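Here the structure is a predicted model, which is why all the values come from computation and not from measurement. All ligand and atom numbering here is 1-based and tracks the order in the structure. Count residues from 1 along the sequence.
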Amino acid sequence: MSNILVFTETTNGGAPAGSTAALIGAAASVGTPIVLAVTTADRSPTLIEVLSQCGAARVVLVELNEQSAKLGAAEVASLERAVQEFSPLAVILDHSPIGRMVAGRLAARTGAAIAADAVGLSLEADEVIATHSVFGGDYVTESTVEGGLMIITLRSGAISARASSAQPEVSRMNVPDDASPSATIIGTDPLVMESERPDLAAASIVVSGGRGIGSKENFSLVEQLADSLGAAVGASRAAVDAGYAPQNFQVGQTGVAVSPDLYVALGISGAIQHKAGMQTAKTIVAIDKNEEAPILEVADFGIVGDLFSVVPQLVEEINRRRG
Ligand code: FAD
């Protein structure tokens with residue numbers, strides 16, 4: 001089996017990002033997953049434990065210190081060295097802002113090709129085939145690289161494959177010397193997460209509101225349904241532009257791409273740019289008063305009705321059943 005290099009991001013608390021199990025699962029479906037994680041020495045033991053549970057065959061830890069290069073330089077240089085050492089068939093990263101940034105810089109350094117925003121992987125004749133959902137999910141395309149390294153960013157939530165737990169061989173790599181800092185960070189202002197809701201990109205349930213919600217105040221209806229389901233909250237661009245929801249809630253082509261188990265659209269017509277970010281959801285429920293709204297063409301369950309009448313009943317019933 002060919003080596004597949006996986007780059008796992010870590011949270012500020014040092015835990016592997018939520019996408020880790022899916023990235024390793026995808027890698028294991030086409031080869032042997034070698035996981036590279038950039039961390040600090042005190043966080044390594046927990047990290048190794050989680051990566052074992054996720055099925056890493058080998059773990060390469062790059063331990064940072066105060067002097068280490070910042071802003072992705074250490075990650076890119078370490079991955080480049082790991083590519084030289086393990087000659088992987090492919091490098092897999094999350095399609096997150098960090099994953100995309102690292103993927104692009106690694107491709108520039110190694111001369112590799114990138115397959116961005118893949119929703120599936122397969123192996124054919126020793127070539128990794130990446131599957132993409134394009135044009136708002138209306139088409140599925142495949143891409144590969146004939147000879148040479150392939151760098152793939154995977155859409156969070158799109159991969160259901162999981163690897164069995166393993167006992168990985170663990171090695172440590174010093175941050176390569178050529179990872180010189182390209183900038184100096186003179187201060188940081190941590191963003192305080194005010195919400196206890198799940199992260200939008202990785203959530204298994206997403207409830208989104210569109211222009212049909214009508215006002216910022218009414219958007220609390222979206223939040224009520226989301227909270228009754230334990231879901232993340234999303235929005236269409238029209239809702240964001242109208243100021244009903246913050247920009248980081250936007251789902252779609254120019255927002256976050258989500259692939260949850262359940263996506264609930266409230267007052268969203270289903271423009272192609274919105275569908276581009278949610279059509280790979282496993283089950284789609286849409287509530288819209290217009291029976292010709294395009295969202296109803298992709299919905300598994302569509303409710304034609306006034307959301308201000310339907311959603312409160314839904315919330316009440318869900319809360320009643322949950323006791
Ligand atoms: P509308 O299209 O106005 O739909 C509102 C829906 O609410 C209608 O179907 C209506 O019937 C329904 N409704 C109204 N009142 C009620 C009610 N009381 N009860 C039930 N239903 C009701 N859009 C995105 O979402 N994400 C993107 O990333 C994105 N990127 C874009 C990039 C580009 C380059 C461009 C040009 C556009 C992009 N857009 C994006 C915008 C996109 O084209 C649409 O304009 C937008 O998605 C529409 O949002 P909406 O469905 O909320 O609004």
Side-chain angles (χ1 to χ4, degrees), residues 94-97 99-100 116-119 132-139 153-158 197 199-203 205-226 228-229 231-260 262-281 283-318:
D94 190 14
H95 191 69
S96 62
R100 279 177 273 177
D117 197 18
V119 295
H132 307 264
S133 171
V134 299
F135 294 127
D138 285 348
Y139 293 87
T153 62
L154 279 179
R155 188 181 297 184
S156 267
R197 297 192 186 104
D199 175 41
L200 178 58
I205 305 178
V206 174
V207 179
S208 289
R211 203 196 314 258
I213 293 294
S215 71
K216 189 174 180 181
E217 292 67 40
N218 291 348
F219 206 80
S220 63
L221 204 56
V222 181
E223 294 167 341
Q224 282 171 34
L225 181 58
S228 70
L229 291 167
V233 176
S236 71
R237 176 158 148 187
V240 169
D241 288 350
Y244 305 167
Q247 204 282 325
N248 59 336
F249 281 23
Q250 185 177 318
V251 171
Q253 181 185 318
T254 43
V256 180
V258 299
S259 263
L262 173 63
Y263 186 85
V264 185
L266 307 178
I268 295 178
S269 62
I272 191 165
Q273 296 91 352
H274 187 79
K275 288 194 289 180
M278 47 64 74
Q279 203 167 338
T280 52
T283 302
I284 298 171
V285 175
I287 302 175
D288 202 292
K289 67 178 183 185
N290 175 10
E291 64 180 22
E292 299 197 344
I295 192 86
L296 296 170
E297 290 164 17
V298 297
D300 299 281
F301 300 97
I303 300 170
V304 177
D306 184 346
L307 66 89
F308 297 106
S309 157
V310 177
V311 176
Q313 295 177 58
L314 205 53
V315 172
E316 193 183 329
E317 183 62 17
I318 293 167

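- Taking every heavy atom of D306 and a limit of under 4.0 angstrom, the matching atoms of ligand 1 come to 17 (C), 18 (N), 19 (N).
- Scanning all protein heavy atoms for the shortest distance to atom 5 (C) of ligand 1 gives G267 O, 3.4 Å.
- Considering backbone and side-chain N/O of F308, none are found under 3.5 Å from N/O of ligand 1.
- Counting heavy atoms from C-beta on, the side chains of I268 and V251 never come closer than 4.5 Å.
- Listed by atom number, the atoms of ligand 1 under 4.0 Å from G212 heavy atoms are 5 (C), 7 (O), 13 (N), 14 (C), 15 (N), 16 (C).
- The two residues S228 and I318 have their closest heavy-atom pair at O-CG2, 3.6 Å.
- Atom 21 (N) of ligand 1 has its closest protein heavy atom at K289 N, 3.0 Å.
- Looking from atom 51 (O) of ligand 1 to the surrounding protein, the closest heavy atom is S269 N, 2.7 Å.
- The backbone N or O of E223 sits nowhere less than 3.5 Å from a side-chain atom of S220 that would complete a donor-acceptor pair.
- Remark: ligand 1 atoms within the under-4.0 Å shell around heavy atoms of G210 are 52 (O).
- Looking at heavy atoms from C-beta onward, R197 lies in side-chain contact with V233 at the 4.5 angstrom threshold.
- Atoms of ligand 1 found under 4.0 Å from any heavy atom of N290 (numbered from 1 in listed order, with element): 11 (O).
- Remark: the backbone N or O of R237 is not paired with any side-chain donor or acceptor of H274 at under 3.5 angstrom.
- Here the straight-line distance linking atom OG of S309 with atom CD1 of I303 works out to 10.0 Å at 0.5 Å rounding.
- Backbone and side-chain nitrogen or oxygen atoms of A271 are examined, and none is located within less than 3.5 angstrom of a nitrogen or oxygen of ligand 1.
- Salt bridge present: R155 and D117 bring a charged side-chain N and a carboxylate O closer than 4.0 Å.
- Regarding atom 10 (C) of ligand 1, its nearest protein heavy-atom neighbour is D288 OD1, 3.4 Å.
- Residue Q253 approaches ligand 1 through these ligand atoms, each under 4.0 Å from one of its heavy atoms: 27 (C), 28 (O).
- No side-chain heavy atom of L221 sits less than 4.5 Å from a side-chain heavy atom of L266.
- Taking atom 3 (O) of ligand 1 as the reference point, the nearest protein heavy-atom neighbour is R211 NE, 2.6 Å.
- Heavy atoms only, all atoms of each residue included: G270 and P294 are closest at O-CB, 3.6 Å.
- Using a 4.0 Å cut-off to heavy atoms of V251, the atoms of ligand 1 that qualify are 24 (C), 25 (O), 26 (N), 27 (C), 28 (O).
- The nearest protein atom to atom 36 (C) of ligand 1, hydrogens excluded, is given as Q273 NE2, 3.8 Å; this is a heavy-atom distance.
- Atom 23 (N) of ligand 1 has its closest protein heavy atom at R237 CB, 3.2 Å.
- Counting non-hydrogen atoms of neighbouring residues, nucleotides and ligands closer than 6.0 angstrom, the CD atom of E316 reaches no more than 12 such neighbours.
- Of the candidates V207, D300, I284, I205, I205 is the only one forming a side-chain contact (heavy atoms from CB on, under 4.5 Å) with L262.
- Residue-ligand proximity, G305 to ligand 1, at heavy-atom distances under 4.0 Å covers atoms 19 (N), 20 (C).
- The atoms of ligand 1 that sit less than 4.0 Å from any heavy atom of A238 are 48 (C), 49 (O), 50 (P), 52 (O), 53 (O).
- With a 4.5 Å cut-off on side-chain heavy atoms, Y244 and N218 do not count as touching.
- For atom 43 (O) of ligand 1, a protein heavy-atom neighbour is present inside the 4.0 Å cut-off.
- Closest to atom 27 (C) of ligand 1 among all protein heavy atoms lies Q250 NE2, 3.1 Å.
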